[in-house]
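These notes concern the structure reproduced below.
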Amino acid sequence: QVQLVESGGGSVQAGGSLRLSCVSSGNIISSKIMGWYRQAPGKQRELVAAVAPGQSTGRSTDYAGSVKGRFTISRDYARNTVNLEMHNVRVEDTGVYYCNAGLKKVLSTWTPGNIWGQGTQVTVSS
């Protein structure tokens, strides 16, 4: 059973930066679409960013409109890790961030895979 373990969450002031990491216990980083979701209190879980397998980074990534230009998703094949660099964070970025493996995109809709991490809390204060 493949496991995903997130780290890097914490508290930060608005305008600051955080780096989240997701380590996989199995070698799925290179074969599956990986993504970060977040869930704010009282809201549904939403996709933040996704990255497809392959060497290129430009066309293989996708971002929620609210984080485009501020967040960057990347994968480190050697460490079986997917990272989420968060810059210029906002109060509305607060939530639990979950790593997910095996996303699929049908037309313009993303569907999460069935492998989830336990989540890491990000709290942004004004």
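Note that this is a predicted model, so its numbers are computed, not measured.
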Donor-acceptor check, side chain of [X] to backbone of [Y], threshold 3.5 angstrom: yes or no?
X: Ser25; Y: Gln3; result: yes
X: Thr94; Y: Val124; result: yes
X: Ser30; Y: Ile28; result: no
X: Glu6; Y: Gln118; result: yes
X: Tyr37; Y: Ala49; result: no
X: Thr120; Y: Gly9; result: yes

Shared hydrophobic cluster for Tyr97 and Val23 (ILVMFWY, side-chain gaps under 4.5 Å): no

Asn80 and Ser24 side chains, donor-acceptor separation under 3.5 Å: no

Chi angles and distances behind the side-chain contact (heavy atoms from CB on, under 4.5 Å) call for Glu46, Gln39: CA-CA 6 Å; Glu46 62 174 351; Gln39 187 163 20; over 6 Å; no

Note, Ser17 side chain near Glu85 side chain (heavy atom, < 4.5 Å): no

4.5 Å side-chain heavy-atom contact, Trp36 and Asn100: no

Residues in side chain to side chain donor-acceptor pair (under 3.5 Å) contact with Asn88, at least two apart in sequence or another chain: none

By side-chain contact (heavy atoms from CB on, under 4.5 Å) - contacts of Asp62 (at least two apart): Lys105, Trp110

Plane angle bin for Tyr98 and Trp116 - parallel if under 30°, tilted between 30 and 60°, otherwise perpendicular: perpendicular

Pair Ile33-Val51, side-chain contact (heavy atoms from CB on, under 4.5 Å): steps then yes or no: CA-CA 6 Å; Ile33 297 177; Val51 60; over 6 Å; no

